[in-house]
Asker: 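Structure provided below as structure tokens; questions to follow.
Letters A, B, ... are given to chains in the order of the sequence lines, protein chains preceding strands, and every chain is numbered from 1.
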Amino acid sequence: MNEKIVLIDGHSILNRAFYGVPDLTNSEGLHTNAIFGFLNILFKILDEEKPEYLTVTFDVHAPTFRHEMYADYKGTRKPMAEELRQQVPVIKEVLEAMQIEIVEQAGLEADDLLGTISRTCEEKGMEVSIISGDRDTLQLATEHVKIRIPRTKQGRTEVTDYYAADVKEAYGVTPTEFIDVKALMGDASDNIPGVPGVGEKTATKIIQEYGSIENAYAHAAEIKPPRASKNLQEYWDQACMSKTLATIDTRAEIGFDLEQARFGNPYTKEAHDYFQRLQFKNLLSRFDVEADTNAVEDHFQEVTDTGLLERIFEEAKKSAAVGIAVSEDGGNVLPLFAHASGYGRIAVCYGEEQIYSIPCDMDMDMGYLFGKLCEVADAVERFVMFDLKKYLPELPITRREHCFDATVAAYLLNPLKNDYGYEDVAREQLHLLINEKADASMRACYEAYTAYKAAEPLTVKLKSAGMYDLFTEIEMPLLFTLYEMEQAGVKIEGEALKVYGDQLGARILELEKEIYELAGETFNINSPKQLGVVLFQHMGLTGGKKTKTGFSTAADVLEKLAPDYPVVAKILEYRQLAKLKSTYADGLANFIGSDGRIHGKFHQTITATGRLSSTDPNLQNIPIRMELGRLIRKVFVPKEGCVFVDADYSQIELRILAHCSGDAQLIQAYREAQDIHRTTASQVFHVPFEEVTDLQRRNAKAVNFGIVYGISSFGLSQDLSITRKEAAQYIENYFDTYPGVKQFLDEQVAHAKKNGYVVTLFGRRRPVPELKSSNFMQRSFGERVAMNAPIQGTAADVIKIAMIGVARELKEKGLKSKLILQVHDELLIEAYEEELEQVKAILQEQMEQAADLQVPLIVDMHTGKNWYEAK
DNA sequence: CCTTTCACG
DNA sequence: ACGTACGTGAAAGGC
């Protein structure tokens, strides 16, 4: 294997990282997101490539960035954002600390440095990888020079690789011809004029045909679009100049010493210090060197003495606040003492110097320790834990109002994160970095300490964000309601589910045979890749669409083909049945517990908008739209002596929109209990109410949905299979009809742009960082999010309030009936037959009174002996 | 581990 | 010109 060098286009990658990674700041207030993103890409590349040599190039004194992402308008150059500018010298220092060679040379652009180094190395017989966000570098690709372009997609970094052949495949031209294409089309962000009237399409076509601008010029007379032909001749000088500008210099005079670039050990003490200062916790784990210890560790104490333990619990009870952690790792505890729960240790903290880790043993088993914790919980003012719901089975706490779940609090403060572990909270609220080397005992202490210590700053921040009431009055009480729902579970007719699955299986086998017959070959129908090849290559079907990796075989594509090709119709049916069997019939069966019930989990800290989510299994996406799928609901049954009562809000999101926007028309329509879609159709299509056709009503319904999603003409046109123009007209008519709605939606976007977040009726915040993006697509997404989140989020708030109310009323009235499921706008209760009327009254009352809106909240309710009947 | 597809509100 | 509707989770295939 040849030796390998990795060349990194420093500014370009830093730039990508800056816009791809959400804003990060260390405790000194230094922005670190670009550095963090850069290092992540660097490590990813290093892990993949394991090169012998590594060099990072920078432009010297780059006054501006010229990357296309910066050029909002043609020909303009934005100065570098201050938040980015301040990170440039830091990344250089970090790289230096990591003993990584940096090359910069006055008067030379990074491209020329990359080009020259890569040419030099290739000529020495080396393999070269160039990491750049700038597609201009594609011209450098050869058989031995690979251009790697990272894209940051939803926090993940993906790298696309281009050897010369890949450039040809992606752009239809060779890397060398790529220069000529650019010379013709120009590049506004690089101040390359190109030839007027020649865009990417035309330029590529010309170069594909003639290979170079020179040859094209020689055959100018025969060039296809007359405009291009004329302009190429008229602007020939400009084209030549453009080509010079577009050509990366691979023979620049630079002082490059390969040995200087040899890649050694980047994990130096100096680098470690930088990473610590920048608070890159995850990256720190790459260092073997000893981390500095936090002073607080001096007060960590492992407790094995029963007498001391008693004193600790007594003191804890007298404290205002305690932080608790529960851990699975009990250290050396003999399996004999292990608790059925799987936990082996707790930690308790009730002061700066009172931090105790307690492994269970013979005298202090987990049952005993949990019992003591409960006493503490009921005695103190504030009982703080992370992920409290998880531990409630072992902690039957009675004074719930004293509980504080730091995970939930951290979620409210930023619902966009993926997790809310104590390490993150310690870093963000306490500026405390957890020692990577800490053992189970110390980690438990850290967690308990963080819980104890972070409750205050979390409270302060919740209050100043106007979310403290949301936290104490909705989220914390809901936590217990969700726990009770999980405990209750839902009964499943296991036998019936199996029969259903077997029937699906039989039909799937038939379809499989028929499909193979029609296709003339056997293949894995479940593989979109294989399916695409069979349909669109072997069978030669036309009308297929693209995805990144091949042919799209999504339902909407196949549905268009189904009328013409029997095999496609069969594939669609196969897909539907395979989904039902794998995900629902077989999938659900795996979750039936020994009590014959499924105890799915409800998650409170997942969604960006405040909705719940459901896993293990997901009980919020049980089929209903198609009859065959809907039949699954027959296996969801109430226990002996019970019936199901299912209640769902009628159009809760549109009603919330009516209330929040204050639109007079919409409010009136709901107060008069009008058919809202018909009313909308009548107004939008300018027809009398009575004459609205079914199609018009359907279309109006789509418009109403679109409004809630943050409408765009493109999205609506897609949904209704109409032109964008028509969709835009519908939207315009809609906004003419409901001007208050238009104003409200505009206000949400404006608020989000100004403040960085939007707010629900109950104060819940949804940050919208996408609005700051210089990328059009991301910004548009941000606008839709800003319009949707207050509505979806308020609906989530409302049903949460209703859930708490329903659970409370059931309990207060001494009823045995239980709330068992929530599906966003729907609640399901397993009701004892003798309690049925009371249950219905409670559901109706609590759901409809959950929020006091300018329009009525209407609840539709059904009962049945299974979920199918109750909907 | 990521992508595609598809189930729900 | 850009290429999407908002919010989720699970299964399967394939790198």
Asker: Which pairs pass salt bridge (Lys or Arg N to Asp or Glu O under 4.0 Å) with one or both residues in residues 193-203 of chain A, sequence neighbours excluded?
Answerer: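 For residues 193-203 of chain A, and leaving out neighbouring residues, there are no salt bridge (Lys or Arg N to Asp or Glu O under 4.0 Å) pairs at all.
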
Asker: Which comes earlier along DNA chain C counting from the 5' end, the contact point of A:N621 or that of A:V703, where each point is its nearest nucleotide?
Answerer: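 That would be A:V703.
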
Asker: Verify the contact: side-chain N or O of A:K529 to OP1 or OP2 of C:dC15, cut-off strictly under 4.0 Å; return yes or no.
Answerer: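 Indeed, a polar side-chain atom of A:K529 lies that close.
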
Asker: Using salt bridge (Lys or Arg N to Asp or Glu O under 4.0 Å), reason through A:D502 and A:K498 one step at a time and then give a plain yes or no.
Answerer: CA-CA 6 Å; A:D502 290 345; A:K498 188 171 182 319; 3.0 Å; yes

Asker: Please determine which of A:E48, A:E49, A:R148 meets the side-chain hydrogen bond (donor to acceptor under 3.5 Å, both in side chains) test together with A:S129.
Answerer: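 Answer after filtering A:E48, A:E49, A:R148: A:E49.
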
Asker: Heavy atoms only, 4.0 Å cut-off, all strands: where does A:A795 land among base, sugar-phosphate and nothing?
Answerer: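 Result for A:A795 = nothing.
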
Asker: Can you find a side chain N or O atom of A:T553 that sits less than 4.0 Å from OP1 or OP2 on B:dT5?
Answerer: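 The answer is yes; a side-chain N or O of A:T553 sits under 4.0 Å from OP1 or OP2.
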
Asker: With sequence neighbours excluded, tell me which residues meet salt bridge (charged side-chain N to carboxylate O under 4.0 Å, His left out) with A:D419.
Answerer: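 Checked A:D419 against salt bridge (charged side-chain N to carboxylate O under 4.0 Å, His left out); zero matches.
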
Asker: May I ask you to verify if any side-chain N or O of A:T583 is less than 4.0 angstrom from the OP1 or OP2 atom of B:dA7?
Answerer: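 False: A:T583 side-chain N/O out of range (4.0 Å or more) of B:dA7 OP1/OP2.
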
Asker: With a cut-off of less than 4.0 Å, is there a side-chain N or O of A:T549 near OP1 or OP2 of B:dT4?
Answerer: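 Indeed, a polar side-chain atom of A:T549 lies that close.
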
Asker: Does the C:dT4 base have a donor-acceptor partner in the side chain of A:R784 within less than 3.5 Å?
Answerer: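 Result: at least one qualifying N/O pair found.
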
Asker: By the 4.0 Å heavy-atom rule, please label A:V823 as base, sugar-phosphate, or nothing.
Answerer: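 The answer is sugar-phosphate, as A:V823 gets under 4.0 Å only of primed atoms, P, OP1 or OP2.
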
Asker: Rounded to whole Å, how long is the line connecting atom CG of A:N526 with atom P of B:dC6?
Answerer: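 In whole Å, B:dC6 P lies 11 Å from A:N526 CG.
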
Asker: Kindly point out which of C:dG7, B:dT5, C:dA12 is positioned nearest to the side chain of A:P528?
Answerer: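 Per side-chain heavy atoms of A:P528, the pick is B:dT5.
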
Asker: When all nucleic acid strands are considered with a 4.0 Å heavy-atom cut-off, which category describes A:A702: base, sugar-phosphate, or nothing?
Answerer: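 Base, at least one base atom sits under 4.0 Å.
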
Asker: With the side chain of A:R625 defined as its heavy atoms from C-beta on, choose the nearest nucleotide among C:dT4, B:dC8, B:dT4.
Answerer: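 Closest of the options to the side chain of A:R625: B:dC8.
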
Asker: I'd like to check the salt bridge (charged side-chain N to carboxylate O under 4.0 Å, His left out) partners of A:K753; sequence neighbours left out, ordered by chain and number.
Answerer: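 Residues passing salt bridge (charged side-chain N to carboxylate O under 4.0 Å, His left out) with A:K753: A:E783.
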
Asker: Between A:T680 and A:A700, is there a donor-acceptor pair closer than 3.5 Å when you use the side chain of the first and the backbone of the second?
Answerer: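 Checking the backbone N and O of A:A700 against the side chain of A:T680, no donor-acceptor pair under 3.5 Å is found.
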
Asker: How would you list, by chain and number, every residue that makes a salt bridge (charged side-chain N to carboxylate O under 4.0 Å, His left out) with A:K529, sequence neighbours excluded?
Answerer: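 By the salt bridge (charged side-chain N to carboxylate O under 4.0 Å, His left out) rule, A:K529 matches no residue at all.
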
Asker: What stems show up for DNA chain C when you take Watson-Crick pairs (N1-N3 plus N6-O4 or O6-N4) and G-U wobbles (N1-O2, O6-N3), both under 3.5 Å, and require three or more consecutive pairs?
Answerer: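 Result, WC/G-U stems under 3.5 Å: B:1-9 with C:6-14.
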
Asker: How long is the line joining CG of A:L416 and C1' of C:dT8, in whole Å?
Answerer: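 These atoms are roughly 15 Å apart.
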
Asker: Looking for any heavy atom pair under 4.0 Å, which part of the strands does A:F781 touch: base, sugar-phosphate only, or nothing?
Answerer: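 Sugar-phosphate contact only.
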
Asker: Do any side-chain nitrogens or oxygens of A:S527 fall under 4.0 Å of OP1 or OP2 in C:dG14?
Answerer: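 Yes, A:S527 has a side-chain N/O under 4.0 Å of OP1/OP2 on C:dG14.
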
Asker: Identify whether any heavy atom of A:Q530 sits under 4.0 Å from a base atom; if not, whether one sits that close to sugar-phosphate; answer base, sugar-phosphate or nothing.
Answerer: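 A:Q530: backbone/sugar contact only, no base atoms under 4.0 Å.
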
Asker: With stacking defined as ring centroids separated by under 5.5 Å and planes differing by under 30°, is A:F714 stacked against C:dT4?
Answerer: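 So A:F714 counts as stacking on the base.
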
Asker: For C:dG7, take OP1 and OP2 only and decide whether either is under 4.0 Å from a side-chain N or O of A:R766.
Answerer: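 For C:dG7, OP1/OP2 do have a side-chain N/O of A:R766 under 4.0 Å.
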
Asker: Grab the CD-P distance between A:Q620 and B:dG9 for me, whole Å please.
Answerer: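 Spelled out: CD on A:Q620 to P on B:dG9 is 10 Å.
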
Asker: Check the phosphate of C:dG3 against A:Q718, side-chain N and O only, distance under 4.0 Å to OP1 or OP2. Yes or no?
Answerer: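 No, no such contact exists.
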
Asker: Go through the structure and list residues passing salt bridge (charged side-chain N to carboxylate O under 4.0 Å, His left out) with A:E486, not counting sequence neighbours.
Answerer: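 For A:E486, the residues satisfying salt bridge (charged side-chain N to carboxylate O under 4.0 Å, His left out) (neighbours in sequence not counted) are A:K389.
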
